[in-house]
Protein chains: 2
Amino acid sequence: MLPESPFYQNSLQTLQQSPLCKGLNRKLLEDMMQLFTRRCWGKGTRLSEQQSKSYFHIILHGRLKLTRMHPETGRAITLWLIGPGDGYDIISLLDGEEHDIMPVVLDEVETLTTRADIARKWITDHPEFNRCFLPYIGEQMRRLEDLSTNLALHDTITRLARLILQYVDLKKNSPPTNKYPVHLINDFSHETLACMVGSVRTVINRHLQQLKKDGIVDFHRGHLTVKNLEQLALQAGQFLHRKQLDKK
Amino acid sequence: MLPESPFYQNSLQTLQQSPLCKGLNRKLLEDMMQLFTRRCWGKGTRLSEQQSKSYFHIILHGRLKLTRMHPETGRAITLWLIGPGDGYDIISLLDGEEHDIMPVVLDEVETLTTRADIARKWITDHPEFNRCFLPYIGEQMRRLEDLSTNLALHDTITRLARLILQYVDLKKNSPPTNKYPVHLINDFSHETLACMVGSVRTVINRHLQQLKKDGIVDFHRGHLTVKNLEQLALQAGQFLHRKQLDKK
DNA sequence: GGAGTTCTGTAACCTGGGTAGCAGAATCCG
DNA sequence: CGGATTCTGCTACCCAGGTTACAGAACTCC
């Protein structure tokens, strides 16, 4: 992407905020920008497998999820929710192999896109990039670890609470309602939330109703907010480490 | 490690076989060897958290598992089984942060060990290493993905079959018994196997007995072998993709 | 504006898998 | 070698969560 492009400044700014690039020097960023072209995908766009293997994208705007489905039952698990600042497909970028997973474009998505082999070469030619790249990969691996841990060790309502807690905005309290907004997943259907915690719609609805009754969350179609952050964290078992000695 | 060390040749050879280093040129390997010193841990050694954050190890011999435990129930999930040729701790190497997981030394372990910051610097100074390093990380991420997928979408006996299939030796058929040997997990207790698939001992025993009755596996204490590889793969649902059209 | 679609809410029923318990076999170690 | 420990085998019982079904609310789009 050339500096003359009308999207250049905005793209560069998003890149600077991305964990993939935060803190890198300006010159390196500008060099990196030259790799990319801007792409847009409409909601529901089918991405071919070529997209995941042969290209590497950094999301500027919008969301996509990467999902796996059981061939017989149709049950699904979302392994990745990719939003602004995230790289896609990281795994294929790393090893050059196809990624056995289904991408779903959730919104209008705007990307910076380049060929994967070009990105790999650039990474090798610019080892300074390791400074952000390797920690970013570390973080992605930690997310996968947490998903496996939650699936193996925690019940569904705990997993749901943890999911919401992951995406709640701690710092902003909407003034008129005193609720904590939720980002990235705030407009998800119960079925989509279910796929993120390895469950099914009716179970998620059951638990959400319970959380609503307990005054912890509030929701109506396409709108999820948190009313009681402390209680949510309790449900998520996040404070148990501190309070283990106070076990009831 | 200096070339004069009595362990040098053997260590170098293991390194050459490791997916972390396979195919790298000899000179780079030798340069890398200079980073490391040899360490040994007895079975059951407690590794401090310093070990995972401040040091990076390549396993030459022996096994360790990385496990997480539910604080209340005591239930556990093994996220990593680390054997010869594997790096430990990869995640801390990537991002320099502590890894919230418990290492368990399963055997006498022999490692090549260096400080993590030194390893990170070496990686940055030798971008040729990306050729093996990045695909290795990609493979580790794929393993985590598969674990999450299995936990979310498959029942316990399927997960068990998949686990065994992952570690069965396809190429070698023990001549006197015509069984397929299993490596790395062949001597695990039922409880340890259970932790690898996110279940509990009695359930694993129940399923193993079933697999034994079906003539798929054979086992007695500390010894697990596969008798019918095709049936095991069926149980693992691995051929379902091909046979979907033949659905009963 | 209305038909069609998607989402939410709820209930009944079933089951895979987990807990708890006990006993015997195998292994370890002093 | 024998006591202690670990592992395996098995059973009874219970329940979280999944499937199925139905109805109403909300949203979309022509």
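Sequence lines set the chain letters: A, B, ... in the order given, protein chains first and strands last, and positions in each chain run from 1.
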Between the side chains of B:Arg38 and B:Glu110, is the shortest nitrogen-to-carboxylate-oxygen separation below 4.0 Å, so that they form an ion pair?
yes

Item to check | Under-4.0 Å side-chain N/O to phosphate OP1/OP2 contact, B:Thr156 with C:dG16 | outcome: no

To the nearest angstrom, the CZ-C1' distance between A:Arg75 and C:dG16 comes to 12 Å

Notebook entry, point to check: Should B:Asp107 and B:Arg63 count as an ion pair when the cut-off is N to O under 4.0 Å?
Noted result: yes

Here the gap from A:Glu139 atom CD to B:Glu97 atom CD, rounded to the nearest 0.5 Å, amounts to 9.5 Å

Comparing nearest nucleotides in DNA chain D, the 5'-proximal residue of the pair A:Arg206, B:His190 is B:His190

Is any NZ, NE, NH1 or NH2 atom of the basic residue among B:Glu108 and B:Lys43 found under 4.0 Å from an Asp or Glu carboxylate oxygen of the other?
no

To the nearest angstrom, the NE2-P distance between B:His220 and C:dT27 comes to 7 Å

Between CG of A:Asp155 and C1' of C:dT19 the distance, given in whole Å, is 15 Å

B:Gln210 atom CD is separated from C:dG16 atom C1', nearest whole Å, by 14 Å

Once you apply a heavy-atom cut-off of 4.0 Å, does A:Gln209 come out as touching a base, just sugar-phosphate, or nothing?
sugar-phosphate

Expected string for nucleotides 20-25 of chain C under the B/S/- scheme (protein heavy atoms, under 4.0 Å, primed atoms plus P, OP1, OP2 as sugar-phosphate) is BB---B

inquiry  = Is A:Asn205 close enough to C:dG9 that one of its side-chain N or O atoms is under 4.0 Å from OP1 or OP2 there?
reply    = yes

Once you apply a heavy-atom cut-off of 4.0 Å, does B:His207 come out as touching a base, just sugar-phosphate, or nothing? sugar-phosphate

When rounded to whole Å, the CG to C1' distance for the pair A:Leu224 and C:dT8 reads 14 Å

A:Asp218 atom CG is separated from C:dT8 atom P, nearest whole Å, by 14 Å

inquiry  = Could you check whether B:Asp146 pairs with B:Arg159 (Lys NZ or Arg NE/NH1/NH2 to Asp/Glu carboxylate O, under 4.0 Å)?
reply    = no

To the nearest angstrom, the CG-P distance between B:Asn150 and C:dG17 comes to 13 Å

Exercise for review: Kindly state whether the ring of B:His223 and the ring of B:Phe188 have centres lying under 6.0 angstrom apart.
Suggested key: no

Subject >> SB check A:Lys179 A:Asp218 (cutoff 4.0 Å) >> reply: yes

Practice task
Mark yes or no: B:Lys227 above the aromatic ring of B:Tyr180, with NZ or CZ under 6.0 Å from the six-membered ring centre and no more than 45 degrees from the axis.
Solution key: no

note: A:Leu151, atom CG; C:dG16, atom P; distance rounded to Å ~ 20 Å

- Task: Tell me, yes or no, whether the heavy-atom count around A:Glu191 atom CD, taken from other residues, nucleotides or ligands under 6.0 Å, exceeds 12.
- Result: no

Residue pair A:Phe219/B:Ile157 against DNA chain C: nearer the 5' end by closest nucleotide is A:Phe219

So the contacted stretch of DNA chain D, first to last nucleotide with an atom under 4.0 Å from a non-hydrogen atom of chain A, runs from D:dG17 to D:dC27

